[in-house]
Amino acid sequence: MRALVFDYALTPDGWARDVGVDVEGGTIRAVAPGADSGGRERVRGVALPGMPNLHSHTFQRAMAGLSETRGPTDDSFWTWRKVMYAFLGGLDPDDVEAIAAFAFLEMLESGFTAVAEFHYLHHDPQGRPYAERSELAQRVVAAAAEVGIGLTLLPVHYAQGGFGAAPPEHGQRRFVDDVEGLMRIVEGVRPALAALPNARLGIAPHSLRATTPESLAALLSANPEGPVHIHVAEQVKEVEDCLAWSGARPLAWLLDNAPVDARWCLIHATHLDAAEQARLAACGAVAGLCPITEANLGDGVFPAAEVLGAGGRFGVGTDSNVEISAFGELRQLEYGQRLTRRARNVLAGEAGRSTGRRLWEGALAGGAQALGLPVGALAPGLRADVVTLDLDHPDLGGPVGDRTLDTAVFCLGRAAVRDVLVGGERVVENGRHGARARVASRYAARVARLAALA
Ligand code: NGQ
Ligand code: ZN
């Protein structure tokens, strides 16, 4: 048993001072505001429940900055995807592990304490399964174990190149498998995942365009429980292609043809008509928003005011990992609304409410649901995953409360983070992960190797 006391904490009952937290086996046993410090280890700063990151493709981190030069035709998501496919062609298992470890480390330093990795890089550079089919999935698990982040692994099924049984492109050779092949990856990685202190296995049909009605049904019957994540309607072209294929818009098609409920996380549910907005809010699934990547890729703006206003659930993810920041995702989410509506404090919901607090608490709940892990609040029975804000930062010297969180979201970002605890163990101290030097230099060597190949 470890007995901690935080200077301040955001508890389910609101802000509190001198918050004692008892931790056993990584899980919170008791939370007691107004604790006296005798016999307790003091953790300085303002404790927030750590944020779950509900969507990541870690390998894309190593192409950050490589797709920002204008190409010969109008650049778009689709030209970015070509660059991304070319980049991943050369990744070997050691690259995959080194990049994942660095991305996970940066997530921890930015305030994320668990991540849902949407893992679709399965095969070797020629598109052949590895001798151990789950080789690359196991590398992702090893990376999470090395840096100590909670993990929901989502082995991804990629069935086809596009709507209507389009054959896969050359760039998709490392992803494509049948349901049986994917299930061998699921079974292969299960033991490694079971050895992590806070991990979960889910499943992910990649997207409506990369799945078929038959493979979707087969995948769901082979995986009757656990999280289900899918990319939904990120690009206007996906909406048009889905209409041409089925006569229905993507989210409407999914809701009509799959048992979408609270197990589901709908990634990039960007393009929704009014009926879809209402159905999304009502279905119990989490809208998985990745506002920094969605801005970077030119996807469009999720109708957050409408869906959240109707009681919809949401969480945030870092997707391409071009910039990794828990506070930054929430800031971009709100800024998208401000820019399109020419208004301020759109997502706070009601008068007198703090935007930063509303977003942090909303994304905690939705993120925990999407990952299927016992995280998301400082409460008994949940993991002791905590991010502390640095009260020594010159911008955080005022009274502790909603304003502290608003300052972190809108002003400081990662610079607000002091310590990060996962399962009660301190993995980040004064903004730096304990393994940063080793993990960052291994990552840098891998990025240099990849650059030399290109
Ligand atoms: C992904 N990314 O899975 O990484 C996709 C691109 C694809 C986003 N949708 C790959 N942002 O769509 O095939
Ligand atoms: Zn994605």
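Atoms within a ligand are numbered from 1 in the order they appear, just like the ligands themselves.
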Could you list the atoms of ligand 1 found under 4.0 angstrom from a heavy atom of [X]?
{"X": "Glu234", "result": "8 (C), 9 (N), 11 (N)"}
{"X": "His57", "result": "1 (C), 3 (O), 4 (O)"}
{"X": "Met84", "result": "4 (O), 6 (C), 10 (C)"}
{"X": "His268", "result": "11 (N)"}

[X] contact mode with ligand 1 (heavy-atom cut-off under 4.0 Å):
{"X": "Arg209", "value": "side chain"}
{"X": "Thr293", "value": "neither"}
{"X": "Asp299", "value": "neither"}

Would you say the side chains of [X] and [Y] form a donor-acceptor pair under 3.5 Å?
{"X": "His231", "Y": "His55", "answer": "yes"}
{"X": "Arg173", "Y": "Gln126", "answer": "no"}
{"X": "Asn345", "Y": "Arg338", "answer": "yes"}

| message | Could you work out, for atom 2 (N) of ligand 1, the closest of Tyr85, Tyr120, Trp80, Phe175 by heavy-atom distance? | response |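 Nearest heavy atom to atom 2 (N) of ligand 1 lies in Trp80.
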| query | Rounded to 10°, how big is the angle at the Zn ion (ligand 2) from His57 NE2 to His55 NE2? | reply | 100°
| message | For atom 13 (O) of ligand 1, what is the closest protein heavy atom, and at what distance to 0.1 Å? | response | Tyr158 OH, 2.6 Å
| How far is atom 3 (O) of ligand 1 from its nearest protein heavy atom, and which residue and atom is that? |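 Here the nearest protein heavy atom works out to His206 NE2, 2.7 Å.
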| said: Any N/O/S atom, side chain or main chain, of Cys290 closer to the Zn ion (ligand 2) than 2.8 Å? | reply: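 No N, O or S atom of Cys290 is closer than 2.8 Å to the Zn ion (ligand 2), so no.
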| query | Judged by non-hydrogen atoms, does Glu294 sit under 4.0 Å from ligand 1? | reply | no
| Residue-ligand contact Phe118/ligand 1, heavy atom below 4.0 Å | no
| Aromatic ring pairing Phe118/Tyr120, orientation class (parallel under 30°, perpendicular over 60°, tilted between) | perpendicular
| task | Decide whether an N or O pair under 3.5 Å exists between Gln172 and ligand 1. | result | no
| said: Between Asp402 and Arg357, does any side-chain N to carboxylate O distance fall below 4.0 Å? | reply: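 Yes.
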| query | Given the rule in the side-chain contact (heavy atoms from CB on, under 4.5 Å) test, do Leu182 and Ile203 qualify, once you have shown the distances and angles that lead to the verdict? | reply | CA-CA 10 Å; Leu182 200 256; Ile203 198 78; 3.6 Å; yes
| request: Determine yes or no for a side-chain-to-main-chain donor-acceptor pair under 3.5 angstrom, with His433 supplying the side chain and Glu106 the backbone. | output: no
